[in-house]
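Before we start, here is the structure in question, set down as structure tokens.
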Amino acid sequence: MKFLLFLNDPHFNAYDLIIFMLIFQSIIFCGLLLSRSDRHISHYLLMAFIGSVGVGQLSFFFLYNPFGAGLLSHLFGEMGFSLMTGIFYIQGILLYCYITTLAYGRYKFSRFYLLPLALLLALVIVLPLIWNQLLISFFWRPFVLVSVIGFFVSVIYGIKSLLFIKRYSEQLKNHFCSLENMEFVWLKLFAAGYVAIWVLQTLPPFFYNWAPWWFEQVVMHSAGFLNLVMMNFVFFAGLVHARKLKNIKEPIAESPAENSFTADATNLSELKFALDQRIRAEALYAKPNLNIERLARLLAMPVRQLSNLINREFQQNYFEFINQYRLEAVKAHLSSQEWSDKSIQEIYESAGFCSKSTFFTLFRKHVGMTPTEYREKMRV
């Protein structure tokens, strides 16, 4: 309780200290990103996002500092003063743009990104007409309501980012056969962390007058502390991991002509059988770094035709499809007397696994034991 009182001390407000730390951090991190010689469009978007967090904290200071709020309200009027909260309407958009740019390798503008700003302008115009005692009891002043709606908009885009990451994961599994191409837990933490921050920032107006004072303070200050952690995490994780992500093409709707190979069930069965036999006979699965584009070239098939055949006829994604052959080959070698003097590493590399972690993860998942345990069991 003493700590919470300290945070709200009128002579030295520790929450103001957090705000200024975030502002200075955002300036430093944006400067470092701008100084990079190998800048990519994703660096500019990350810089814009971090900058928006810093500007948002500066807006917080002016919105809630008695002197700053009074001065700006006098200069710009209540609704003009509320326009300062516009920064909270674009943070979620910047997060979504950054994540999609990392996935596709390029930025693509959408007119839907303008909807939050249109909502902000509509609120500033309409709010004076509907401002009443009920709204005052919750939000005190118009800028509080406009801010809360802005945070809610960013929450929606944050959730949209998390759903996009999930779709991106599935798309990667239709292109690559190694788990190393799918290591983006940091990106999920990035999106989830800021969704949590924005949710926390929407809650305080609804707690006043009925929630315990200490609970209000914990909710209000948790967002600031979490923001400090996330700011550092986002910057360093973005620098270290962003270039490791594999770019994929944006999904394109199939035309009937492109999908015509699925019309004849007999031909489909023959094609499926021929594909399976050729992969086994030539051990195509054993080739390293075998993404779907390379396999399609080896088979002289269009990439989309191969992908659809795997997804619809084998009922698998590309990741599962190729690694099923590799696991079968590994199990055969582990059971074979001919390979009994070979190490586990030699065996899984001969089957096409380039990564120890990918191999052991998949083997334990599908076989239920380690390769060594499986080999001993086969010997018995």
Side-chain angles (χ1 to χ4, degrees), residues 15 19 22-23 26 44-45 47-98 100 107-161 163 191 194-210 216 219-220 223-224 227:
Y15 192 61
I19 286 175
L22 284 165
I23 292 171
S26 69
Y44 289 107
L45 288 169
M47 183 173 64
F49 178 80
I50 291 175
S52 75
V53 174
V55 173
Q57 294 302 309
L58 187 62
S59 299
F60 259 135
F61 178 76
F62 283 116
L63 291 171
Y64 291 99
N65 180 273
F67 175 76
L71 178 63
L72 292 177
S73 294
H74 177 72
L75 290 175
F76 301 110
E78 196 68 42
M79 290 301 116
F81 180 50
S82 298
L83 284 173
M84 284 185 62
T85 64
I87 193 66
F88 306 133
Y89 286 73
I90 66 171
Q91 289 177 345
I93 297 172
L94 290 172
L95 171 66
Y96 182 75
C97 289
Y98 175 65
T100 54
Y107 170 72
K108 184 179 180 181
F109 176 77
S110 170
R111 62 181 181 275
F112 293 107
Y113 297 158
L114 299 176
L115 287 178
L117 295 178
L119 175 62
L120 171 65
L121 291 175
L123 282 170
V124 170
I125 294 171
V126 172
L127 204 53
L129 306 175
I130 62 171
W131 191 247
N132 55 47
Q133 195 59 41
L134 178 62
L135 292 175
I136 292 172
S137 64
F138 278 99
F139 302 105
W140 321 298
R141 291 176 65 181
F143 76 82
V144 179
L145 174 57
V146 179
S147 299
V148 168
I149 295 174
F151 291 130
F152 183 72
V153 168
S154 284
V155 167
I156 292 173
Y157 275 93
I159 294 172
K160 188 176 179 181
S161 299
L163 294 174
Y194 272 98
V195 167
I197 289 170
W198 295 324
V199 168
L200 287 170
Q201 289 173 326
T202 63
L203 297 178
F206 302 101
F207 288 147
Y208 286 110
N209 300 325
W210 67 268
E216 296 173 4
V219 170
M220 183 171 65
N227 222 335

| said: Below 30° counts as parallel, above 60° as perpendicular, anything between as tilted: where do the rings of W198 and Y194 land? | reply: tilted
| request: Taking Q91 for its side chain and S52 for its backbone only, find out whether a donor-acceptor pair lies under 3.5 Å. | output: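 At least one qualifying donor-acceptor pair exists.
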| said: Testing the basics here: between L119 and V153, what is the closest heavy-atom pair and its distance to 0.1 Å? | reply: CD2-CG2, 3.8 Å
| Side-chain (Y157) to main-chain (L94) donor-acceptor, under 3.5 angstrom | no
| field | Pairwise distance CD1(I93) to CG(L45) - rounded to 0.5 angstrom | value |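 Reported value, rounded in 0.5 Å steps: 12.0 Å.
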| field | Considering all heavy atoms, the nearest I87-S59 contact | value | CG2-OG, 3.9 Å
| If you look at every heavy atom in S26 and G54, which pair is closest and at what distance? |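 Minimum heavy-atom separation between S26 and G54: OG-CA, 3.3 Å.
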| said: Just verifying a value: how many Å separate Y96 OH and I156 CD1, rounded to the nearest 0.5 Å? | reply: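 It is 13.5 Å, given to the nearest 0.5 Å.
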| field | Nearest non-hydrogen partners of Y89 and L123, listed with the distance | value |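 Taking Y89 first and L123 second, the nearest heavy atoms are OH-CD1, 3.2 Å.
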| request: Compare every heavy atom of L95 with every heavy atom of S161, then report the nearest pair and how far apart it is. | output: OG-CG, 3.9 Å
| request: State whether the number of non-hydrogen atoms from other residues, nucleotides or ligands found under 6.0 Å of F112 atom CZ is greater than 12. | output: no
| query | So, for L117 and I90, which heavy atoms are closest and what is the spacing to 0.1 Å? | reply |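 Scanning both residues, the minimum pair turns out to be CD2-CG2, 3.7 Å.
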| said: Using the ring pair (Phe, Tyr, Trp, His ring centres under 6.0 Å) criterion, which residues pair with F88? Sequence neighbours excluded. | reply: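 Partners of F88 by the ring pair (Phe, Tyr, Trp, His ring centres under 6.0 Å) criterion, ordered by chain and then number, come out as F60, F151.
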| said: Within the 4.5 Å heavy-atom criterion, are L120 and T85 side-chain neighbours or not? | reply: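 Answer yes - side chains close enough.
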